[in-house]
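One structure is given below, encoded as structure tokens.
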There are 2 protein chains.
Amino acid sequence: MTRIAIHDRIRGDIEGRIMSGTWEAGHRLPPEHAFMEEYGCSRMTVHKAIDGLVDRGLIERRKRAGSFVAAPKAHRAALEIPDVAGEIRGQGKDYRLGLIARVEREADGRDRELLEIESGPVLSLQCLHRADGKPFALEERLISLAAVPAARAVDFAQESPGAWLLAHVPWTDARHRITAIAATRPIAERLAVPLGSPCLSVERWTWRSDARITYARQVYPGDRHALIASFLA
Amino acid sequence: MTRIAIHDRIRGDIEGRIMSGTWEAGHRLPPEHAFMEEYGCSRMTVHKAIDGLVDRGLIERRKRAGSFVAAPKAHRAALEIPDVAGEIRGQGKDYRLGLIARVEREADGRDRELLEIESGPVLSLQCLHRADGKPFALEERLISLAAVPAARAVDFAQESPGAWLLAHVPWTDARHRITAIAATRPIAERLAVPLGSPCLSVERWTWRSDARITYARQVYPGDRHALIASFLA
DNA sequence: AAATATTTGTACGTATGTATA
DNA sequence: TTATACATACGTACAAATATT
């Protein structure tokens with residue numbers, strides 16, 4: 001029983017040698033032929049193993065020259081940005097959604113800027129996510145109704161906009177901007193924190209192909225929330 | 001001239017149909033045989049094309065059942081965390097490093113906790129990164145000298161600890177924690193911001209295999225700095 | 001409950017193209 | 001210029017998992 005695929009074993013072996021420091025950045029790997037012999041497999045199989053490492057940025061290939069251990073890049077970390085509802089429930093807490101405002105309108109200047117659209121109808125939402133009754137995050141969201149007409153019919157008092165969009169709208173690109181801000185009066189009141197206290201602001205722009213779908217800004221009380229990012233292989 | 005690889009073309013075509021919404025989440029793709037005929041290529045080639053999409057999480061495969069468009073997962077974003085010096089220079093600004101404190105000592109209670117070590121010598125550094133003369137970030141760093149003895153000999157008044165470690169020490173894992181904090185008095189003074197003003201705190205723990213290498217905490221003035229994370233394919 | 005057919009998973013060996021030290 | 005080493009693709013084969021009959 002070939003419990004583990006040959007290419008996975010080769011990949012793992014190489015990865016181990018890189019991670020352990022045996023093969024440092026810039027080290028030239030043996031040519032694929034050498035692995036063929038070492039593992040008694042075909043070159044395709046070796047190639048596939050290395051393919052995986054190239055995808056992960058651990059190895060760079062240059063024709064004629066060979067395959068090399070890549071120089072460590074700047075730290076890249078994978079930041080999980082789950083929808084707020086899922087995050088709260090994942091902590092075993094009771095999630096409740098409060099819809100503060102829902103407005104359908106023609107895009108005004110700010111809407112156009114944030115959604116990068118010329119014109120068109122937008123849905124503007126403001127809501128407060130609560131965990132075990134306590135304010136958890138304040139969310140401001142713009143949805144381009146031209147891009148997502150179905151959003152008109154959704155009852156966002158029941159379903160959080162993030163969760164609904166995630167489930168119904170595929171995106172091709174998203175960009176996040178994370179800053180620390182001081183709580184303004186409306187934020188302080190909604191989140192029940194002192195005026196001016198530090199808050200974490202996470203803004204997200206989401207595209208599908210070249211159309212902006214939605215803009216969201218979530219504000220968390222700074223002392224009660226942290227974003228965790230893990231090393232990205 | 002085969003300008004573009006067949007598998008890349010197939011992959012792109014499928015990706016397009018998913019992204020455009022033509023194939024929604026849960027949609028079953030035609031079997032690999034169908035693509036063989038459509039593109040007049042071998043199954044290996046089709047398989048490789050789909051492999052790429054599986055790696056990116058766009059498609060899930062089940063034997064006998066087929067390949068399916070995956071449900072969109074929670075957002076994962078790639079957070080670039082370059083070393084501060086590189087980041088400042090990348091913005092075309094003049095980088096200067098100020099070493100505030102450098103202490104070599106036996107690990108005290110807090111050191112042991114942050115580095116997850118029983119005991120041993122540590123190097124504690126505090127420094128201020130400046131961009132065009134203005135305070136940019138305050139860094140507090142602990143290095144386990146048992147794991148990185150070479151750090152003893154480095155002149156961290158010349159080279160930023162982040163850059164040196166990145167270049168000299170391979171890591172296998174890192175974890176980041178991002179929060180918003182209020183500037184304490186020492187922070188406010190070093191960064192030249194008002195006491196209590198919001199700051200972005202980025203903490204990082206770095207491992208090699210199972211040994212903790214270093215702990216770092218960087219504090220940025222909240223209104224002058226943002227972390228940018230892009231969608232992770 | 002068991003047999004069958006379908007579909008993906010892995011790997012082989014071969015061939016030819018391409019960039020480059 | 002040439003030999004090397006990666007890049008792509010072919011066709012074949014059998015294994016593994018699982019819907020369907």
Side-chain angles (χ1 to χ4, degrees), chain A residues 1-18 22-71 73 233, chain B residues 1-18 22-71 73 233:
Chain A
M1 324 223 155
T2 3
R3 281 267 50 81
I4 192 167
I6 301 177
H7 68 258
D8 276 337
R9 197 155 65 83
I10 301 176
R11 193 172 44 67
D13 288 354
I14 296 175
E15 199 169 348
R17 274 176 274 203
I18 294 173
T22 308
W23 287 349
E24 298 189 5
H27 175 90
R28 181 185 156 164
L29 303 210
E32 298 180 352
H33 287 102
F35 286 105
M36 284 178 62
E37 294 195 5
E38 182 181 346
Y39 289 91
C41 67
S42 77
R43 199 169 73 82
M44 279 287 299
T45 304
V46 174
H47 192 78
K48 180 168 186 172
I50 299 178
D51 259 354
L53 295 168
V54 170
D55 282 347
R56 303 185 197 185
L58 277 174
I59 284 184
E60 283 166 7
R61 292 197 267 212
R62 295 204 296 278
K63 291 183 183 175
R64 170 65 179 101
S67 299
F68 300 83
V69 177
K73 300 279 178 264
Chain B
M1 310 187 178
T2 0
R3 284 263 53 79
I4 192 166
I6 301 177
H7 67 258
D8 276 337
R9 196 155 64 84
I10 301 176
R11 192 171 47 64
D13 287 354
I14 297 175
E15 200 169 346
R17 274 175 274 202
I18 293 174
T22 308
W23 287 350
E24 297 190 5
H27 175 89
R28 182 186 157 162
L29 304 212
E32 297 181 353
H33 287 102
F35 287 103
M36 283 178 62
E37 292 194 8
E38 181 180 348
Y39 290 90
C41 68
S42 76
R43 196 168 75 83
M44 279 289 298
T45 304
V46 174
H47 192 79
K48 181 168 184 170
I50 299 179
D51 259 354
L53 296 168
V54 171
D55 282 349
R56 304 185 198 185
L58 276 176
I59 282 184
E60 283 166 6
R61 294 198 266 212
R62 293 203 301 280
K63 291 182 185 175
R64 172 63 178 95
S67 299
F68 300 82
V69 177
K73 298 280 177 269

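Throughout, a chain's letter reflects where its sequence line sits, starting with A, and its residues are numbered from 1. Not measured: the values here are computed from a predicted model. Any value given below was found using the heavy atoms of this structure, including those in side chains, with hydrogens, waters and symmetry copies removed.
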Query raised in the report: Under 4.5 Å between any side-chain heavy atoms of B:Y39 and B:T45, yes or no?
Result: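 Of all side-chain heavy-atom pairs linking B:T45 with B:Y39, none is under 4.5 Å.
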
Query raised in the report: Should A:H47 and A:M44 count as side-chain neighbours, where that means a heavy-atom distance under 4.5 Å?
Result: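 They are not in contact (no side-chain heavy atoms under 4.5 Å apart), so the answer is no.
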
Rounded to the nearest angstrom, tell me the gap between atom [atom1] in [X] and atom [atom2] in [N].
{"X": "A:D51", "N": "C:dA11", "atom1": "CG", "atom2": "P", "value": "14 Å"}
{"X": "A:E37", "N": "C:dG13", "atom1": "CD", "atom2": "P", "value": "13 Å"}
{"X": "A:H33", "N": "D:dC6", "atom1": "NE2", "atom2": "P", "value": "8 Å"}
{"X": "B:I10", "N": "D:dT8", "atom1": "CD1", "atom2": "P", "value": "13 Å"}
{"X": "B:R62", "N": "D:dA19", "atom1": "CZ", "atom2": "P", "value": "7 Å"}
{"X": "B:M36", "N": "D:dT12", "atom1": "CE", "atom2": "P", "value": "9 Å"}
{"X": "B:M44", "N": "C:dG13", "atom1": "CE", "atom2": "P", "value": "13 Å"}
{"X": "B:E32", "N": "D:dA16", "atom1": "CD", "atom2": "C1'", "value": "14 Å"}

Where the side chain of [X] is concerned, which of [options] is the nearest nucleotide?
{"X": "B:S42", "options": "C:dT10, D:dG11, D:dT8", "answer": "D:dG11"}
{"X": "A:I6", "options": "C:dG9, D:dC10, C:dC12", "answer": "C:dC12"}
{"X": "A:K63", "options": "D:dC10, D:dC6, C:dT8", "answer": "D:dC6"}

Query raised in the report: Between B:I50 and A:Y39, which is nearer to the 5' end of DNA chain C once each is assigned its nearest nucleotide?
Result: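 Its nearest nucleotide lies further toward 5', so the answer is B:I50.
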
Query raised in the report: Considering heavy-atom distances to DNA chain C, does A:A65 or A:D8 have its closest nucleotide positioned more toward the 5' end?
Result: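 Its nucleotide being nearer the 5' end, the pick is A:D8.
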
Query raised in the report: With a 4.0 Å cut-off, would you call A:R11 and A:D8 a salt bridge?
Result: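 Salt bridge between A:R11 and A:D8, a charged N being under 4.0 Å from a carboxylate O: yes.
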
Is there a side-chain polar atom (N or O) of [X] under 4.0 Å from OP1 or OP2 of [N]?
{"X": "B:R61", "N": "C:dG9", "result": "yes"}
{"X": "B:H47", "N": "C:dT8", "result": "no"}
{"X": "A:T45", "N": "C:dT10", "result": "no"}
{"X": "A:R28", "N": "D:dA5", "result": "yes"}
{"X": "B:S67", "N": "C:dT8", "result": "yes"}

Query raised in the report: Now, which nucleotide makes the Watson-Crick or G-U wobble pair with C:dT8, with each of the two distances under 3.5 Å?
Result: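 Pair assignment: C:dT8 / D:dA15.
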
Query raised in the report: Does a sphere of radius 6.0 Å around NE2 in A:H27 hold more than 12 heavy atoms from other residues, nucleotides or ligands, not counting ones at 6.0 Å or beyond?
Result: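 Above 12, so yes.
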
Query raised in the report: Around B:E24, counting heavy atoms of other residues, nucleotides and ligands shown, do more than 12 lie under 6.0 Å from its CD?
Result: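 Atom CD in B:E24 is not packed in, count stays at 12 or less.
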
Query raised in the report: For the side chain of B:R64 and the base of C:dG9, is some donor closer than 3.5 Å to an acceptor across the two?
Result: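 Check fails, no donor-acceptor contact within cut-off.
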
